[in-house]
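This chain uses plain numbering: 1 for the first residue, then up along the sequence.
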Amino acid sequence: MRTRSAPATWTNWAGTATARPRHTFRPRDTEEIVEAIRTAEREGLPVRPVGSGHSFTAIAATDGVAIDLAACSGVVSADTATGLVQVHAGTTLKQLNADLDRLGLAMTNLGDIDRQTVAGAISTGTHGTGARFGGLATQVAALELVLADGSVLRCSAEENPEEFAAARVGLGALGVLSSVTLRCEPAYALEANEYPAPLEEVLERFDELAEGNDHFEFYWFPYGSKALVKRNNRLPAGAECEPLSPARKFWEYQVMENLAFGTVCRLGRAVPGLVRPLNRLSSELLSPRSYSDRSHRVFVTERQVRFVESEYAIPRESVCDVLRELRAALPGLEHPVMFPVEVRVAAADDVWLSTAHGRDSAYIAVHQFVGMPHRHWFEVFESVVAAVGGRPHWGKMHGCDVEILTGRYPKFDEFRRVRAKLDPTGRFRNAYLDRVLGEI
């Protein structure tokens, strides 16, 4: 097993968290994960699994043993008849999508970023959008967890069901995921229809749009009057795709959404007085586009402009009221907001720490360009969503602690009980987990 013994600084994608683990292990399989955990036990060090670092919190930070799962990747086994695919936990979503495509399979739902590892994505509650679809954790059929004592626990709805209910969104607090079995489906194509519309019109039609499309979301520039509506719907099997041409794709995504928008953000960061007019201009320049392609090529968008983010799940019926409150709060902010607000939806599920547990949900995400002040905007956002029982995305910035979260999750105490059983000495603790779950 390859290991780096000398401390080296680890930093997440957004630069919001850093750490200097004493050892970094890069296991290639379950046996090497076991070896890394037993090394930590012998030396009395805490352990944290590390994925791609795309969480905005310090959930992966440790000064003890970091287990980097990057080398533990790829498909273990696949049954195309049942759609069950077992993958190593360090497999990135990008690699997973490519591997599934070669097998003639696809994920039922995805988010718009594919940098995360499978382990990191399900452990933090990563989701896409769609009123009839759950997050990635709902597509997990089984998983393999390496515990604090080095033993391996296999979980599914039939085998260790209580641990399975906890581990599907486990925050890396129960052990280290070594493999995940996903419930996939035959590959399919999506038709994408994106267009600008007045924000008030989108809010008035919110339920209609959410229920009338397979996958629906919208972006709203805070100082503009328009939103960019994105509707993705499944095409019949065998339908011919009409993807964007290479030139159009380059112009839309590389030039406009990354290069041009990044330039606008840097200008706003340098001259804050320009943020509001630049934001309104960005809203006015939104343009329509329609195309169709394989599902993962429609779901995923490359993001090169760095930002910080906070996201909460709220009851779906509260989304319009929350957005109107946020809109009303904008004039009183200490600093202007450069990035748009994103709104998505998800079906209720039964995963214990899923942000959609037990209720149909809307997700509201607020952002700020990296290096620009965000504290007051995020605090205002959190105060508004708190009034409707908002649940923070586990991998995005928030100020909630164990006392707050206990009241927002029906199964929170059950999760903590399973955690104490599987990790009685707190081998997988860190400061973030102490805050959100309490100390063992």
Side-chain angles (χ1 to χ4, degrees), residues 109-112 127-133 190-234 252-253 256-257 261 276-292 298-299 301 303 307 309-331 333 336-347 355-356 359-368 377 380-381 384-385 387-388 390 393:
N109 200 6
L110 286 166
D112 63 354
H127 60 92
T129 189
R132 294 182 295 278
F133 301 98
L190 287 172
E191 180 179 42
N193 184 15
E194 305 174 11
Y195 57 90
L199 176 64
E200 287 300 330
E201 176 186 311
V202 176
L203 296 182
E204 288 171 7
R205 298 182 58 209
F206 183 80
D207 286 328
E208 173 195 342
L209 290 165
E211 295 292 342
N213 295 279
D214 292 328
H215 308 277
F216 157 70
E217 64 186 298
F218 69 88
Y219 295 86
W220 159 56
F221 282 92
Y223 302 105
S225 61
K226 292 182 180 178
L228 179 66
V229 177
K230 302 180 73 172
R231 300 161 52 197
N232 297 331
N233 291 290
R234 294 185 176 216
E252 294 279 359
Y253 294 107
M256 296 303 295
E257 291 196 6
F261 184 57
R276 290 176 181 83
L278 287 172
N279 200 266
R280 286 192 290 269
L281 177 63
S282 297
S283 175
E284 291 301 318
L285 291 178
L286 294 172
S287 59
R289 61 187 171 216
S290 297
Y291 63 96
S292 57
V298 175
F299 282 131
T301 303
R303 304 289 184 196
F307 53 88
E309 179 177 4
S310 178
E311 180 182 73
Y312 274 73
I314 61 174
R316 207 179 88 184
E317 61 270 19
S318 301
V319 67
C320 294
D321 290 338
V322 166
L323 284 170
R324 289 189 173 109
E325 285 194 53
L326 291 177
R327 197 177 192 183
L330 286 169
L333 293 180
V337 181
M338 190 71 246
F339 250 72
V341 176
E342 179 183 22
V343 181
R344 294 179 284 175
V345 292
T355 47
R359 68 188 190 194
D360 291 335
S361 299
Y363 290 93
I364 300 180
V366 299
H367 314 74
Q368 181 66 294
W377 175 224
V380 168
F381 172 60
V384 171
V385 295
V388 294
H393 189 301

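Residues that satisfy the salt bridge (charged side-chain N to carboxylate O under 4.0 Å, His left out) test with R316, not counting sequence neighbours, are D207, E211. Residues satisfying the ring pair (Phe, Tyr, Trp, His ring centres under 6.0 Å) criterion with Y291, sequence neighbours excluded, are absent altogether.
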Side-chain polar contacts of residues 218-225 - donor-acceptor pairs under 3.5 angstrom, sequence neighbours left out - could you list them?
unit_1	atom_1	unit_2	atom_2	d
Y219	OH	D112	OD2	3.2
Y219	OH	R303	NH2	3.0
Y219	OH	E342	OE2	3.3
W220	NE1	G224	O	3.2
Y223	OH	V337	N	3.1

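Under the 3.5 Å distance criterion, the side-chain polar atoms of H215 are left unmatched by any main-chain donor or acceptor of G130.
Separation of atoms CG (L281) and CG (L286) is listed at 10.0 Å; rounding is to 0.5 Å. Here S282 contributes atom OG and M338 contributes atom CE; the two are 5.0 Å apart, rounded to the nearest 0.5 Å. Put simply, CD on E217 and CG on N232 are 7.0 Å apart, with the number rounded to the nearest 0.5 Å.
Ring pair Y363/H127 is parallel by interplanar angle, where below 30° counts as parallel and above 60° as perpendicular.
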- R327 and E200: salt bridge (charged side-chain N to carboxylate O under 4.0 Å, His left out), yes or no, with the steps? CA-CA 11 Å; R327 197 177 192 183; E200 287 300 330; 2.9 Å; yes
- In sequence, state the C-alpha distance, the side-chain angles, and the governing distance for F339 and V366, and then conclude on side-chain contact (heavy atoms from CB on, under 4.5 Å). CA-CA 8 Å; F339 250 72; V366 299; over 6 Å; no
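Under the 4.5 Å side-chain criterion, counting only non-hydrogen atoms from C-beta, R324 is in contact with L203.
Closest approach of Q368 and P336 over heavy atoms only: NE2-O, 3.0 Å. Closest of all the heavy-atom pairs between V202 and A197 is CG2-CB, 3.9 Å. Considering all non-hydrogen atoms of both residues, P340 and H367 come closest at O-ND1, 2.9 Å. Across all non-hydrogen atoms, the minimal contact from R359 to G390 is NH2-CA, 4.2 Å.
Figure legend: cation-pi geometry between R344 and F299 absent, as NZ or CZ is not positioned both under 6.0 Å from the six-membered ring centre and within 45° of its axis.
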